[in-house]
Amino acid sequence: MGEKIPLERIDANRWRIPMRYNDDMHVPGMIYADDELIESIVNDNALQQVVNVATLPGIVGHSLGMPDIHWGYGFPVGGVAATDAETGVISPGGIGFDINCGVRLLATDLLYDQVKGKVSELADQLYNTLPSGVGTDGMRILSADEMRDVMVHGAQWAVDAGYGLAEDLEVTEENGCLEGADPSTVSKHALERGRKQLGSLGSGNHFCEVQVVDHIYDQEVANVLGIGRKGQVVTTLHCGSRGIGHQVAEEFINLAESKQKEYGFELVDKQLACLPINSVDGQAYLGAMRCAANFAWANRQLLMHGVRQSFANIFGRKARPKDLPLVYDVCHNIAKMEEYEVDGQLRKLCVHRKGATRSFPAGHPAIPEKYRAVGQPVLIPGDMGRYSFMLVGDHGSMEQTFGSCCHGAGRRLSRTAAKKAIGNKELLELLEKRGITVRVHSKNLLSEESPQAYKDAQQVVNVVHNAGLAKLVVRLKPVVVVKG
DNA sequence: ATGTCC
């Protein structure tokens, strides 16, 4: 303990933690970062967590850290770990507490010039339409039977209930629904928590932002995605499964912890507690995780409907729902069964992505047909004061990172440190000065999400671009921020 | 992230 973790430089963007560091490691670690980002990573406990994850039973390839990596529960946020789907384990801590936390981006027909006179009105409208804050009820209260339908059918349920359009599902990862969701594995308490929260933003780093396309890296790809005009207004939603994801995670972390001895696991950190994928317990977690994931997709579908209503209310016929097409929806806290070549052999793997986005390259069958020639859209929100990015998956992700890349800027300061660094009032003034209109439910939480609490998202996306995991398409600047 | 402690 306390010993410096060795990092072997591979190239400008990659660093390896060799297996010789620790006898318990089954695979080496691999960190994606440039010279500057690696400094902040080394000063965090995240590297030790990459080492810990490398000791998981059945892990293959590398224990991976993306450039936005930072300390998390057991597994780092910004981490990817693949285990053998037949003989390996699944660890609830490797998915995280906010199951299927994710991001979706809607395009509009509007240019910033058409919107700038109504920014304040739009901010109010969005804030009043999208329920936000800790413990708030959602746009729709469900019966227990409806809740079960949401858990099984995901975003499709929302479309059938009148929220959004059928074509939205085509541009949602997994079409907004994972197969194998099993409501019988979700506790009554978890179901009860979710029942009241469908269509709610939540708190913390969750948000709705109106943004403007401010730089185009790849005009051709941007055109295919429908975001190819400089000055074009788009809207990004970032949120997850609210209370149900948290409850499912907590219950299965406790279950896994209580069964480590029974399954014969002796893990270096109890927060890595895991279950054999091929066990009743492992399958139960997967069934419940998928229920929470499907809830999250329905949740984002309802919120998006609220965004479309808000724009229509303010801009009338210039912003009808069909004029605000969903570009794409990605999840970044999830485990998926996917096939990859490992040492020349095609293997079925359980890919844990915790604060990591799927980034399938052009040609992959899981990509919607209209985007297949350019790659899967990858949405990378930055911080509320600077910028966010849209990328598309690149081929290197299949060879290096089990089809994955980063998910955001990555936290640089703890919530406590962030609060010390800047006051809420000062931060609000700073954002307004930059032309960003903010509506926040709980003003005393704003400092925790200040731009300086995060790494520079530009640096983070440059690394995944240069490493061949995803390709830069456009940069977006925030004009309206609505938060819990 | 989270009914920020059942």
Side-chain angles (χ1 to χ4, degrees), chain A residues 46 49 68-79 91-103 130-138 141-142 147 186-208 237-255 257-258 271 288-289 291-293 295-297 299-300 303 330-335 352-357 381 383-384 407-419 424 440-450 453-454 482-484:
Chain A
Q49 293 191 314
D68 52 340
I69 190 173
H70 59 94
W71 186 87
Y73 180 91
F75 291 59
V77 177
S91 174
I95 285 89
F97 279 89
D98 192 1
I99 295 166
N100 192 3
C101 186
V103 192
L130 311 176
S132 64
V134 181
T136 42
D137 289 353
I141 311 291
L142 305 171
M147 181 63 190
V186 174
S187 71
K188 185 139 195 280
H189 188 41
L191 182 144
E192 250 339 278
R193 283 186 73 174
R195 204 168 64 73
K196 297 170 192 157
Q197 294 186 318
L198 192 69
S200 65
L201 207 45
S203 182
N205 62 2
H206 290 167
F207 63 78
C208 170
L237 286 164
H238 174 212
C239 66
S241 50
R242 309 288 278 94
I244 180 180
H246 194 270
Q247 192 64 33
V248 165
E250 185 183 313
E251 289 172 10
F252 278 92
I253 283 169
N254 290 339
L255 175 82
E257 259 186 40
S258 74
Q271 295 186 352
M289 181 206 75
C291 285
F295 179 92
W297 273 310
N299 187 30
R300 290 199 284 277
L303 289 166
V330 292
C331 55
H332 57 224
N333 283 8
I334 198 100
H352 298 64
R353 295 192 183 96
K354 180 181 186 180
T357 309
D383 62 76
M384 65 168 107
H407 85 305
R411 196 166 265 286
R412 194 175 68 86
L413 300 178
S414 71
R415 292 183 176 276
T416 334
K419 267 196 273 208
N424 294 298
V440 56
H441 186 270
S442 167
K443 288 191 173 54
N444 58 342
L445 292 181
L446 196 66
S447 293
E448 299 181 5
E449 299 299 324
S450 83
Y454 286 90
V482 172
K483 287 183 71 64

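The chains referred to below are lettered A, B, ... by the order of the sequence lines, with proteins before strands, and numbering in each begins at 1. For the numbers below, each heavy atom of this structure counts, side chains included, while hydrogens, waters and symmetry mates do not.
Atom NZ in A/K483 sits roughly 14 Å away from atom C1' in B/dT2 (whole-Å rounding). Atom pair A/Y73:OH and B/dT4:P shows a separation of 18 Å (rounding to whole Å applied). The CZ-C1' distance, from A/F97 to B/dT2, rounds to 9 Å in whole Å. Residue A/E250 contributes atom CD, which lies 9 Å from atom C1' of B/dT2 at whole-angstrom precision. To the nearest angstrom, C1' of B/dT2 lies 17 Å from CD1 of A/I95. We find that CD of A/Q247 is positioned 14 Å from C1' of B/dC5, with the value rounded to whole Å. Between A/E448 atom CD and B/dT4 atom C1' there is a gap of 9 Å when expressed in whole angstrom units. Rounded to an integer number of Å, the gap from A/E192 CD to B/dT2 P is 18 Å.
Within the 4.0 angstrom heavy-atom criterion, base atoms lie near A/H189. The residue A/G204 sits close only to the backbone: its heavy atoms come under 4.0 Å of sugar-phosphate atoms, none of a base. Within the 4.0 angstrom heavy-atom criterion, no nucleotide atom of any strand lies near A/S241. As judged by a 4.0 angstrom heavy-atom cut-off over every strand, A/R415 is placed among residues touching the sugar-phosphate backbone only.
When the salt bridge (charged side-chain N to carboxylate O under 4.0 Å, His left out) test is applied to A/R242, no partner is found at least two apart in sequence or on another chain. The side chain to side chain contact (heavy atoms under 4.5 Å, CB included) check on A/H441 picks up A/Y127, A/S132, A/T136, with sequence neighbours excluded.
Between the side chain of A/S187 and the backbone N or O of A/A190 there is at least one donor-acceptor pair closer than 3.5 Å.
A salt bridge between A/E449 and A/K419 is absent, with no side-chain N of the basic residue lying under 4.0 Å from a carboxylate O of the acidic one.
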